[in-house]
S.K.: 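Below is one structure. I have some questions about it.
Atoms within a ligand are numbered from 1 in the order they appear, just like the ligands themselves. Count residues from 1 along the sequence.
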Amino acid sequence: MYINFWYPIVLDKDLTAEESQRVEVLGVKLAVFRDSEGKPAVIADTCVHRGGSLGKGTVENGNVVCPYHGWAFNNGGECVDIPTLNEGDYQIPNRAKVDAYPTEVKYGIVFAFLGDLPEAERPPIAWEAEEFDDPEWGKCDIHVFDVDYYYERSIENGLDPAHNEYVHPNQGAPTPTRDWKKEPIDIEKEDFASHFTLRFIRHKQGLLGGDAAGVEAEGGGELIVAGSGHMGPNSVVTWIQPQENTKYRQYFFEAPINAEKTRIFFLTTRSTMIDEDFDEDIMEINLAIAQEDVDVVKEINPIRTPNSNIKEVLVPTDAPIISYREYLKQWENNGWKIDWKKAQSMKGDIAFAIPSPGRRDSKGWVLDAIPLVSPES
Ligand code: FES
Ligand SMILES: [Fe+2]
């Protein structure tokens with residue numbers, strides 16, 4: 001798991017003005033609430049007084065109030081009131097502050113930047129769904145679900161062109177048309193993302209349709225175009241084009257809850273059947289396909305991606321996965337990888353927080369920053 005990326009936290013529509021929510025991401029707890037302007041605020045969950053859970057608190061005047069002794073914290077993580085001391089008679093200690101994280105609402109999801117990079121150096125929020133506001137496209141409500149596996153296994157599955165034939169009868173079990181010896185996958189690389197597009201041959205009709213006008217492939221079956229890509233460590237898109245004018249896109253925006261569980265925010269869009277009357281049926285199909293993945297990925301051993309590629313036998317169809325792992329390595333070398341084992345060994349003794357941008361400007365932080373893996377020298 002890596003700091004310095006944007007993570008999906010909650011659906012904007014589920015955040016009320018009165019109550020704070022507690023959410024676990026990257027193995028630490030966060031408090032989420034609406035500030036005095038109604039904007040989502042995400043701060044560390046641990047109250048620096050004596051450890052109360054701010055995420056279990058109430059919200060008054062846009063500040064979150066700790067349920068233990070009523071200290072109030074604003075959207076910047078600063079303590080602004082200690083009601084148990086006499087009014088006007090005390091000074092709020094300088095150290096009475098918790099980490100606060102930048103937030104943005106995109107696709108109806110509250111994303112938080114969990115890291116300490118200054119604004120100009122931050123990666124994009126997630127894979128850009130440029131069709132999201134296009135009236136020529138339909139989209140289903142975001143579906144949020146938790147899975148019992150590590151998010152990197154899920155992203156790698158989304159990037160894997162070879163599993164469709166075996167895992168996805170609901171997509172018509174498409175097989176890449178390649179002769180892998182002659183045509184390795186051409187992977188396009190960007191600063192924080194890599195992606196590819198391939199032609200697949202589909203011998204069976206899938207739930208997403210498209211056989212009528214599909215291009216006949218040699219020897220029967222039909223050709224479809226599909227591809228996928230990741231943005232950062234935690235978002236993956238798959239695009240599927242069964243016909244010239246029929247396009248489906250499936251986005252997984254993922255929040256590692258910890259090193260064993262993941263929360264997935266699932267967005268699907270399509271260029272066909274765009275009326276919202278179709279939403280329910282389309283979602284059912286997409287969830288059936290997603291479930292095919294869940295059923296396989298939850299059984300992968302070990303649960304977390306091995307540290308070294310020699311612990312698996314990777315072949316040319318795994319090129320997108322190798323590319324993704326190269327990006328992860330780069331982010332580890334930036335010093336962004338959480339040292340999960342070290343953090344676990346101190347569990348119960350230390351309250352950790354993901355370091356926030358504020359740590360670059362001021363001192364006196366009470367919560368320990370989560371340990372990070374030292375970059376290779
Ligand atoms: S622990 Fe939060 S106010 Fe005391
Ligand atoms: Fe899949």
S.K.: Please could you name the atoms of ligand 1 that Tyr68 approaches to less than 4.0 Å, counting only its heavy atoms?
M.R.: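 Reading through ligand 1 atom by atom, the close ones are 1 (S), 4 (Fe).
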S.K.: If you compare all heavy atoms of Leu223 against all heavy atoms of Thr177, which two are closest, and at what distance to 0.1 Å?
M.R.: CD2-CG2, 3.6 Å
S.K.: Of the backbone and side-chain N, O or S atoms of Cys66, does one lie nearer to atom 4 (Fe) of ligand 1 than 2.8 Å?
M.R.: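 Short answer: no, not a single N, O or S atom is under the cut-off.
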S.K.: Inspect the surroundings of CD in Glu332 and state if more than 12 heavy atoms from other residues, nucleotides or ligands are less than 6.0 Å away.
M.R.: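 Enclosed: over 12 neighbouring heavy atoms sit under 6.0 Å from CD of Glu332.
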S.K.: Show me which atoms of ligand 1 lie under 4.0 Å from any heavy atom of Gly52.
M.R.: 1 (S)
S.K.: Apply side-chain hydrogen bond (donor to acceptor under 3.5 Å, both in side chains) to residues Asn334 and Gln330 and explain how you reach the verdict.
M.R.: CA-CA 6 Å; Asn334 290 353; Gln330 202 177 309; over 6 Å; no
S.K.: With the Fe ion (ligand 2) as the reference point, give the N/O/S atom of His163 that is nearest.
M.R.: NE2
S.K.: Should the pair Lys97 and Trp365 be classed as cation-pi, given the thresholds of under 6.0 Å to the six-membered ring centre and 45° from the axis?
M.R.: yes
S.K.: For the CD atom on Glu276, are there more than 12 heavy atoms of other groups (residues, nucleotides or ligands in this structure) within a distance under 6.0 Å?
M.R.: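 Incorrect, the count does not exceed 12.
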S.K.: Below 2.8 Å, any N, O or S contact between His69 and atom 4 (Fe) of ligand 1?
M.R.: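 Checking His69: at least one N, O or S atom is under 2.8 Å.
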S.K.: Any N/O/S of Asp293 under 2.8 Å from the Fe ion (ligand 2)?
M.R.: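 So Asp293 counts as coordinating the Fe ion (ligand 2), yes.
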S.K.: Could you tell me which N, O or S atom of His49 is nearest to atom 4 (Fe) of ligand 1?
M.R.: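 Output for this pair reads ND1.
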S.K.: Show the atoms of ligand 1 that are less than 4.0 angstrom away from any heavy atom in Cys47.
M.R.: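 Listed by number with element: 1 (S), 2 (Fe), 3 (S).
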S.K.: If you count the non-hydrogen atoms of other residues, nucleotides and ligands that lie under 6.0 Å from CZ in Arg359, is the total more than 12?
M.R.: yes
S.K.: Among Arg249, Glu131, Lys247, which residue satisfies the side chain to side chain donor-acceptor pair (under 3.5 Å) criterion with Thr269?
M.R.: Glu131
S.K.: Would you mind running through ligand 1 and noting each atom that sits below 4.0 Å from a heavy atom of Arg50?
M.R.: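 Result: 1 (S).
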